2 protein chains.
Amino acid sequence: MNVNKDLQNERNKCSFNVRELTEFIDGGKNRTLERKHIEKLILAQKDELFGGTPEDYLSHKEKYERAIQTNVIILKIVQDFMRDANGGDLTNYRDVLTTLLNFVVSREGTPFALHFMMFLPVFLSQADEEQQMEWLPRAWNCNIIGSYAQTELGHGTFIRGLETTATYDAATKEFVLHSPTVTSYKWWPGALGHTANYCVVVAQLHTKGQCHGIHSFIVQVRDEETHMPLAGIRVGEIGAKMGLNMINNGFIGFNHVRIPRRHLLMKHAQVLEDGTYVKSRNSKLNYGAMVFVRVVIVFDSVNYLSKAVTIATRFAAVRRQSQLKANEPECQIIDFLTQQHKLFIGIATCHALKMTATKLWDTFNEVQQQLRGGNLERLPELHALACCLKAVSTADTAALAEGGRRACGGHGYMRSSGLPQTCAVLDAACTFEGDNTVLLLQTARFLVKVWRGLDTLKLTPTVAYLRTTLTEGFNDKWENTVEGIIKGFQTVSMRKISECVSCMAKRIMSGMSQEEAWNMTSVQLVAAAESHCRVIIISYFHEEFVKVSSSFSPALRRVMKLLVELYTLYWALDKLQDLLKYTSISKTNTEQLQERYEDTLNALRPDAVGLVDAFDIMDEILQSTLGAYDGRVYERLMEEALKSPLNAEPVNRSFHQYLKPLMQGKL
Amino acid sequence: MNVNKDLQNERNKCSFNVRELTEFIDGGKNRTLERKHIEKLILAQKDELFGGTPEDYLSHKEKYERAIQTNVIILKIVQDFMRDANGGDLTNYRDVLTTLLNFVVSREGTPFALHFMMFLPVFLSQADEEQQMEWLPRAWNCNIIGSYAQTELGHGTFIRGLETTATYDAATKEFVLHSPTVTSYKWWPGALGHTANYCVVVAQLHTKGQCHGIHSFIVQVRDEETHMPLAGIRVGEIGAKMGLNMINNGFIGFNHVRIPRRHLLMKHAQVLEDGTYVKSRNSKLNYGAMVFVRVVIVFDSVNYLSKAVTIATRFAAVRRQSQLKANEPECQIIDFLTQQHKLFIGIATCHALKMTATKLWDTFNEVQQQLRGGNLERLPELHALACCLKAVSTADTAALAEGGRRACGGHGYMRSSGLPQTCAVLDAACTFEGDNTVLLLQTARFLVKVWRGLDTLKLTPTVAYLRTTLTEGFNDKWENTVEGIIKGFQTVSMRKISECVSCMAKRIMSGMSQEEAWNMTSVQLVAAAESHCRVIIISYFHEEFVKVSSSFSPALRRVMKLLVELYTLYWALDKLQDLLKYTSISKTNTEQLQERYEDTLNALRPDAVGLVDAFDIMDEILQSTLGAYDGRVYERLMEEALKSPLNAEPVNRSFHQYLKPLMQGKL
């Protein structure tokens, strides 16, 4: 391979073994081998997958058709691998799913994402055993393709307000699904437009004249042979979006559509033949699937951010612009501190969030044991954690990817760079599966509850610091170390929650209702929940690093330690106003932090390319003119431009029709 | 008109006269009338402009063809109006240009933008009188369409490094244009792809064996009759981008292309017939066109931000979601403080930036007088100001528009909302016409120079505060007023510049070179330049408000005063770490600021819809399902979805080709 010499030079001077880090990121040597095995199978069908006009030049409709074509091929390849995995075990399922998501080669998502990411997990967590026996094997083998329809045109966040009804008719032992208004149309479900033939539909369950709130139903949407929508169903796609145009998001409306009683998913609640409603034992059990989905979102966000930083970092090593010193040749832009400041935090964030999400997931799986024993004690805590972690991860990765995109200057605006599409995926995650602001307020509600019960409640592990920080005092001497900063953040979080509670109390005293006081304090509550999340991420990253690094070679340990430090310093400086307000940090301390941050950027500089190489994203998945392994940036930009159908003709027909008459004053 | 009743209700309770504010925003009653006159002409051609398949469903090539079709119509309409304006006077020209930009009805820009925004202004500022006589009338009438080609594949920021050469051949009295490498291809010029037939090209001027650096040349690119590229020219479009796909950005390469000597623009420097080079009197004179372009960018960014906040604010009034109190109906989401926090700062920012840019432009025009008299004293200052103002404005408007987009939840991700396209335009502005980081460093360089000469230099007005703040001391008692906060920001800016200078000195003492020290301090230098810009924007906004508000009715004065306060409080809280670090603000002060900010949001709440109505953007230009004047949000979302060509058939052909075989296990 003919590699750009600056990039080669970076690789030559890398201080650690890239493969060692890759295997750590993959989760072990075997998983790296597995991944490379699948990659080889994908490359074997390179022409069909990557040939033809690039997707960016296609119309919306053509994009969909391309998406089906390529994703069916990928799915088939991954399916072989997936068949070995145990479909019933969510622990494994997460691995399988993230593997699948790794291999999305269409840059605007895949119409099969919903089937694996929502339809199957929801079905697993809400269908009873008999229902699972009936549907799961077919779903698992993609004999049917499912979607998940919850959100409506008029309702997203407030699911209690959903309008779709499912009314039980004991005479025929059927539910009647109905969409009474425009706003009750389901809107957004991925794959539902023209791909899925089945769907889990969330609707208000009515039986014996009473509404029992929202429940999930499995509904056949299209005929299995002809794919025509079934009678009474109006289904289509919702139209062009900012990104993810290959997800095939759809709408669906029901006009008194009848489905059998047993299409209500009955693991938790049931409706008997005569219409008697049998309540769920515990509504909190649904938290399980929600924690799952949010953890997957964090992993997927990391996945996309690692693409963005790979592209931007390699480009920064190839691009030469301006002189650091007069009369010297132009320098690699990665030598500019401002550039390092934009990029290296992105690399650190990939590791920080991945380790945090892994630990959350492991903890959740331990807690599953307790759940089976009927102990639900830690469920609200883990749910609150999944909420804020989803919010903070998606917001951070979106901001950092956009920062990386801008760090490539104009070239980062080219779709051939892959960056706009990557940013658009990350942006979407900020509002889907729970709007970030709403999620942070859910976490805040939990924290306020904990704070108010601080004297009496038994504190679960992730909030235990609230009491210890309060007890041990927060005016201790500030320490400019990772541990010291974590302690500082704990103090910040504790003080912010405490202030929110006081602030609300003051407002209630002055005559506001509880709800008004909550609303008036909500900007601060969001900030408090974010602070809590920062405590968790930074301390998990630090703790996990300490734990795993014993198995690292000294060289890898050194560079990963720098990333942990960089991450901590970055956030200390970013949230300096909190530290200044709530801790004993001095102005001199802050200046030292700034200097250490700048020194850490410099220390990471020689290993930056090695660090992104370690993500080991093959060119065919990265699909970037700026980020390809060989660094042939300019040649690729030109090659891709020449693929534009506009460039197939020297003069476009619009010249004769419109431009010429304009220029010759004959319009 | 059948208006959503919540939206109507907002309008009924608005406390001020919306038309009064509209006329202020337009710049007077007559300009509002003018604008409405043009709008009427546009509406008369509604079918041709807005009919057919929505642009979001078109292929890249079809989008270009649509862009030419619609923009020729718009151009023709605006041309009549423009003919009256004086083509030689840049003061008027800015008005004409911003009027034109107001009427871009394609949501991904117009291929004629470059002609008016770069080609004409550059030509005006660099061509000598004879050249202007020759070219200007034809350019002004669009008999020729121009572009401006400076950036190359390999060079953007560092224009001294441009590779394109223009070598004078005294024998034939011609320049020979040549692109020696792939990286020397011009890349990015708008309209250059398939639209422009002329172009100002920036190239390294060689004559008599010597290089005299970069100069501008006017070059014919395509035949006026056939539009075919001329011999030796390789021209095409650069391909799909994140947004602005109707700008028709192009590339161009020259293979020893000969142009007459008089195609060098000769207002400043000349090459005589024998090849003798005559130097420009003052290279700083080119700053004029740069200040112009950057001011236009600020106005255009405000233009797009006002679209985004109009959409998001109207949607927030129509959308009802969740309950503020249990058992009450769902509330308008605009009642949530977190929503007000995301939106109202956007409204305030439109006014703050518009007033600041207007004042900068007026100042610049006053300074033009001095320039004609040979006094260039204020030019570096205004250039530094235009740099940071462009950077901060584009970054702020991009962030706030994206915030507004996310505030609409999932629906803000729909292209039919108009928000993704609006955000993509604003994102582009962060890296074009000077990368924001690079621009802030230019401002920083000016500030450092001023700081180092504080004792001896005569300080120009926009930096005079540096000395007064230093002299008057910055440990004064903090005041929680707009004036107090401005003083606080002045202290912050002064202290940051001072710290950067000390920090660099320290580094140089410890052995670093001047340049290394600058680079290692550059993250802090960028922050210092931003602080300086914040001082300017907030104080200009405040001063201009005080000046103009005497002519406002009391009701309008009240609401505009709230916007000035909101803007000041928002940035005080956002930059609290600076205030805590560098001023005497106390923790109690900060709590009061937070409370006042929350109260100000509430105070603005009833007028929010009125405030965005006052931007008076007609539906056909806003083009948003979420933001239309009548608030028929859900109906419009559905109507637009049904226009998707994918929805024209119940079953897409890809089902038979790929999906069915997959589902039936026959792949």
Side-chain angles (χ1 to χ4, degrees), chain A residues 56-57 59-61 65 68-69 72 76 143 153 156-158 182-183 188 194 227 236-242 321-322 324-325 337-338 341 406 409-410 413 415-416 420 428 430-431 435 437 515 519-520 522-523 576-577 580 598 634 640-641 644-647 651-652 654-655 658 662-663 667, chain B residues 56-57 59-61 65 68-69 72 76 143 153 156-158 182-183 188 194 227 236-242 321-322 324-325 337-338 341 406 409-410 413 415-416 420 428 430-431 435 437 515 519-520 522-523 576-577 580 598 634 640-641 644-647 651-652 654-655 658 662-663 667:
Chain A
D56 292 327
Y57 299 113
S59 73
H60 185 73
K61 187 178 171 186
E65 291 164 355
I68 293 293
Q69 180 200 342
V72 161
K76 188 85 184 68
N143 300 130
L153 252 180
T157 292
F158 189 65
V182 184
T183 49
W188 280 116
H194 295 82
H227 213 52
E237 71 124 4
I238 61 170
K241 291 152 302 174
M242 181 161 153
Q321 195 81 177
S322 304
L324 268 173
K325 296 188 187 185
L337 195 83
T338 49
H341 174 57
R406 290 187 195 172
Y413 202 69
R415 291 181 75 87
S416 73
C430 293
T431 49
D435 171 81
T437 303
E515 294 92 341
N519 187 32
M520 280 301 288
S522 57
V523 170
L576 210 47
Q577 69 176 60
L580 286 165
E598 290 158 354
Y634 302 113
E640 286 302 310
S644 166
L646 257 179
N647 285 331
V651 178
N652 181 270
S654 62
F655 168 73
Y658 302 102
L662 171 82
M663 295 205 249
L667 255 196
Chain B
D56 293 328
Y57 299 113
S59 72
H60 184 73
K61 187 177 171 187
E65 290 164 355
I68 293 294
Q69 181 200 342
V72 161
K76 188 85 183 65
N143 300 132
L153 252 180
T157 292
F158 190 65
V182 184
T183 49
W188 279 115
H194 294 83
H227 213 53
E237 71 125 4
I238 61 171
K241 290 151 300 167
M242 182 162 152
Q321 196 80 174
S322 303
L324 268 174
K325 295 186 186 184
L337 195 84
T338 49
H341 175 57
R406 289 188 194 171
Y413 202 69
R415 290 180 75 88
S416 72
C430 293
T431 48
D435 172 80
T437 303
E515 294 91 341
N519 187 30
M520 280 302 287
S522 57
V523 170
L576 209 48
Q577 69 175 61
L580 286 165
E598 289 158 355
Y634 301 113
E640 285 303 309
S644 165
L646 257 179
N647 285 331
V651 179
N652 181 270
S654 62
F655 169 73
Y658 302 102
L662 171 81
M663 296 206 247
L667 255 194

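Keep in mind it's a predicted model, so treat the numbers as computed, not measured. Proteins get letters first, then strands, A, B, ... in listed order; numbering begins at 1 in each.
Chain A forms more heavy-atom pairs under 4.5 Å with one residue of B:Val523, B:Leu324, B:Leu662 than with any other, namely B:Val523. Contacts with chain A were tallied for B:Ile68, B:Thr183, B:Asp435; B:Ile68 has the most, counting heavy-atom pairs under 4.5 Å. Ranked by non-hydrogen atom pairs under 4.5 Å with chain A, the options B:Ser322, B:Ser416, B:Ser644 are led by B:Ser322.
Interface residue B:Asn519: backbone and side-chain heavy atoms are both found under 4.5 Å from chain A. When heavy atoms are compared at a cutoff of 4.5 Å, A:Asn647 approaches chain B by way of both its backbone and its side chain. If you measure heavy-atom distances from A:Val182 to chain B, the contacts under 4.5 Å come from the side chain alone.
Residue B:Arg415 comes nearest to A:Lys241 through the heavy atom pair CD-O, 3.0 Å, listed as atom of the first residue, atom of the second, then distance. Counting all heavy atoms, side chain and backbone alike, B:Ser59 lies closest to A:Tyr57 at CB-O, 3.5 Å.
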Walk me through whether B:Val651 and A:His194 qualify under side-chain contact (heavy atoms from CB on, under 4.5 Å). CA-CA 7 Å; B:Val651 179; A:His194 295 82; over 6 Å; no
Stepwise side-chain contact (heavy atoms from CB on, under 4.5 Å) test for A:Asp56 and B:His60: CA-CA 8 Å; A:Asp56 292 327; B:His60 184 73; over 6 Å; no
Report the C-alpha separation of A:Arg406 and B:Thr437 in whole Å, then their side-chain angles, then the decisive distance to 0.1 Å, and conclude whether the side-chain contact (heavy atoms from CB on, under 4.5 Å) test is met. CA-CA 10 Å; A:Arg406 290 187 195 172; B:Thr437 303; over 6 Å; no
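Looking at B:Glu65, B:Glu237, B:Lys61 one by one, the single match for side chain to side chain donor-acceptor pair (under 3.5 Å) with A:Asn652 turns out to be B:Glu65.
At least one donor-acceptor pair closer than 3.5 Å links the side chain of A:Gln321 to the backbone N or O of B:Gly156.
Taking 4.5 Å as the limit, every side-chain heavy atom of A:Ile238 sits out of range of all side-chain heavy atoms of B:Glu640.
If you take CD on A:Glu598 and OG on B:Ser522, they are separated by 8.0 Å, rounding to the nearest 0.5 Å.
Evaluation of the side-chain hydrogen bond (donor to acceptor under 3.5 Å, both in side chains) rule for A:Thr157 yields no partner, not counting sequence neighbours. Taking the ring-ring contact (aromatic ring centres under 6.0 Å, His included) definition, one finds that B:Phe655 meets it with A:His227, sequence neighbours left out.
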